[in-house]
Structures are given as structure tokens and as C-alpha cells.
Amino acid sequence: MISASEIKGKASKKYTQYLQNLVTGIPFKKIVIPCDKKPSNDFETWQMEQKDITASSKEKRGYGYSIKWQTVNHKILGRQGLPLEISFDTEEDLLKFIRKETEVQQFKKDIATLLTAFPLLTDWAKKYPYKVIENSSQWPDLLKVLTYFSHTPQPNLYIRELPIKVHTKFIEQNKSILKELLDILIADYVNTGEKRFEARYHLKYDEELIRIRFLDENLSHRYTGGLKDISLPISEFCTLHWEIESVFIVENKMNFLTFPFVKNSLIIWGHGYGVVNLKKSLFLSHARLYYWGDLDAQGFEILSQFRGYFPQTQSLLMDSETFNRFFENDEGTKSNVSVDLNLTNTEQTTYQTVKNSNWRLEQEKIPQSYVIEYIHNLVKTNP
């Protein structure tokens with residue numbers, strides 16, 4: 001026969017639906033707990049089972065579940081009363097039994113406040129009632145933030161500059177719940193492609209810097225008043241409308257610093273997978289692009305990634321001749337990439353060689369004299 005603890009477990013499972021009904025205004029309906037579990041065939045055990053569920057019932061406690069009994073002729077126990085139906089007939093009976101009265105009282109207040117201010121959040125609250133409960137102490141300040149963004153969906157301020165009367169770290173500490181809510185409330189203004197909270201909701205933040213060297217002094221005078229080595233935030237870099245003939249992107253910092261002069265050209269320090277920061281650049285789309293990475297699996301995978309942003313990209317010093325000439329049996333980092341890469345046939349051949357053997361030729365191990373000669377020949381071939 002079902003026990004009092006089993007009844008409590010089943011009642012707790014009904015709690016979620018009860019909360020969801022509160023959100024949508026569905027009135028409480030009697031909750032029936034299945035009680036088709038057979039009683040023990042041992043008379044003494046059965047008596048203990050009966051005593052257990054009776055002691056925790058509404059009949060004995062004044063609240064909780066009600067039991068409807070039926071008299072049956074049991075083949076072993078004889079003529080006995082067995083539970084036909086166990087039910088919670090009122091809201092109070094359920095909540096007092098599972099000890100959720102205080103929680104629900106607060107939940108009702110929070111739901112009323114939240115949905116009065118923002119009816120659009122009804123479906124969210126129904127889907128995630130426990131998030132409403134978990135954030136019960138936070139709702140007054142969460143609502144301040146939501147109200148501000150609903151009126152100013154593109155603030156273009158740092159978080160600490162927002163004119164919202166909350167603790168200075170409140171937004172940083174509650175980004176997860178705010179993200180869920182703002183995605184609903186200001187959906188038309190959300191940068192859905194951005195995972196970073198600040199970028200997603202048009203806030204300023206301490207951006208990564210793009211470092212650039214002009215390889216032609218005339219270009220530096222034209223665009224930066226003679227400054228040859230500059231760094232600027234990603235957002236500013238991506239809006240530049242420079243007219244540059246050739247742009248070189250390299251992984252290694254020293255190669256960036258020692259790259260030779262090339263007319264009407266500049267070089268960018270991509271530092272590996274940081275090339276993703278360049279993908280929205282306006283002027284790179286119109287330039288001749290060269291990518292120079294390590295001759296290892298990751299180098300070619302980054303090349304493929306960058307070429308996905310800018311199809312005109314050519315590889316630089318990433319050929320089998322360079323590899324065979326300077327390779328020193330260095331071990332690379334194992335790659336588990338299994339998708340097809342955006343590589344030329346010759347690049348693909350070299351990629352498979354270094355990937356399958358887990359080899360690496362780092363950029364800085366290619367002599368500077370060889371780099372200068374290579375670039376000189378490249379410029380002559382592509383004047």
C-alpha cells in the first residue's frame with residue numbers, strides 16, 4: 001500500500017503544474033494521487049501501512065490529503081478497508097502538507113508584480129516558475145533594470161554608467177537571468193549573434209584591441225599622421241574605410257614586428273583564433289589578403305576560418321616546400337577537427353601531412369632572410 005512519504009513525493013511532483021497554473025490564472029482543482037499499490041499480504045505489515053497513511057492524513061492532522069476508503073474482501077487479509085482515492089481537496093491542504101505556503105505567498109506577489117509590468121514574460125514565467133522563486137529577493141532590482149532597457153534598448157554606455165538605482169555589481173552578477181528576460185522584452189534590438197552580454201545589448205565594454213603596423217610610411221601619414229604601430233578597439237577597427245591594397249595577417253608577434261616593407265600595405269597581428277575579431281571589418285573585404293600561420297593543424301584550421309570571412313584570402317609561407325626546408329621534428333597539438341576545411345588542394349595536402357603526423361613548424365623558425373626573399377618575390381608576382 002502507498003506510504004505517507006510516497007504520497008508526499010507524488011504531491012511534490014504536482015507542485016510544478018500548480019505553479020504554472022498560478023501564472024496563467026487557472027484555479028486550483030482537486031489533486032488526486034494514484035493509490036493502486038497493493039497492500040502487504042502480511043497482516044501486521046498491512047496494519048502498519050494503514051496506520052502510516054492515516055496518521056499523516058487530513059482526518060488526523062487537520063490538513064493534507066483526504067482518504068476515501070472502500071471495503072474489500074482480501075483473499076489473505078479478509079474483509080478490510082483499503083484506500084480508494086487519496087486527494088488534496090484544497091490549495092491550503094496541498095501547500096501546508098509539502099510546506100510551501102510561504103514560498104507560494106511570495107511567488108504570487110512576484111508573479112503579479114512581474115506580469116503587471118511586463119505581460120510579455122507570461123510564457124517565460126510559466127516555463128520557468130522555479131526561476132521566479134530562485135530570484136524572489138532580486139525582483140525589485142531586476143524590474144528596475146528591465147524597465148530601463150525597455151525604455152532605452154540601445155544605451156551605448158558602460159554598465160557602471162547606466163542610470164539605474166541598483167548595486168554597482170548587480171547587473172554583472174545577474175547577467176544570466178537578465179539575458180533570458182531581455183531577449184524577450186527587447187527582442188527587436190538584441191544582437192542575437194553576440195554571446196557577450198554587453199555586445200548583445202548595445203553596451204560599451206573594455207574591448208580587445210587590434211594591433212596594426214603600416215608597412216608603407218606613406219600610408220601611415222595618410223591615415224594616422226605618421227604613427228606606424230597602433231592598436232584600436234575592435235568596433236573602431238571594423239568601421240574603418242581605409243583603401244589598402246594588401247593586408248597581411250600573422251599569428252606570431254615577432255613576425256608581426258619584423259615583417260618587411262611592402263608598398264601600400266599593412267600587417268595585423270591576428271594571434272591565432274583572435275582572427276574572429278576581424279570578421280566584420282569593412283576595408284578588409286576590399287583588400288588583397290594574406291594569412292600566415294604556423295605550419296601545423298591549427299594554423300590551417302585558422303586559415304580556413306579566416307577564409308570563411310574573407311574568401312579572397314591567400315596563404316603565406318604555409319606550403320610544403322617551406323615546411324620541408326625548415327621543419328625540425330617539433331610536435332604539434334593534436335587536432336580533433338573532422339569537418340571539411342576551406343583549403344586549396346595543395347593546402348589540404350600539407351594540412352593532412354602535419355595533422356596526421358602531429359607536426360609543427362612555428363612561424364618564428366623560418367629565417368628572416370627567407371621571409372624577406374619570399375615577400376619580395378610575392379610583390380613582384382603581384383605588383
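Scope of the values below: all heavy atoms of this structure, side chains included, with no hydrogens, waters or symmetry mates.
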Distance flag, aromatic centroids of [Y] and [X], threshold under 6.0 Å:
X	Y	answer
Phe214	Trp242	yes
Tyr158	Tyr205	no
Phe327	Trp359	yes
Phe237	Phe283	yes
Phe88	Phe97	yes
Phe326	Tyr370	yes

If we only count heavy atoms from C-beta on, is the [X] to [Y] side-chain gap below 4.5 Å?
X	Y	answer
Trp269	Glu251	no
Phe149	Leu178	no
Gln17	Gln20	yes
Glu59	Ile67	no
Leu361	Asp330	no
Val262	Asp216	no

Exercise. Given Lys175 and Glu180, is the salt bridge (Lys or Arg N to Asp or Glu O under 4.0 Å) satisfied, shown in steps?
Worked result: CA-CA 9 Å; Lys175 285 180 179 180; Glu180 292 185 36; over 6 Å; no
Seminar exercise, completed: Closest heavy-atom pair, Ser220 versus Lys228, reported as atoms and distance to 0.1 Å, is OG-CG, 4.1 Å
For this session: Find the distance between CZ (Phe107) and OG1 (Thr102) and round it off to the nearest 0.5 Å.
Result: 15.0 Å
Exercise. Taking Ile111 as the fixed residue, which of Thr122, Val23, Leu19, Leu22 is the one that meets the side chain to side chain contact (heavy atoms under 4.5 Å, CB included) rule?
Worked result: Val23
Exercise. Are Glu194 and Lys280 close enough for a salt bridge, meaning some N to O gap below 4.0 Å?
Worked result: yes
For this session: Please say whether the positively charged group of Lys58, taken as NZ for Lys or CZ for Arg, lies over the ring of Tyr63, i.e. under 6.0 angstrom from the six-membered ring centre and within 45 degrees of the axis.
Result: no
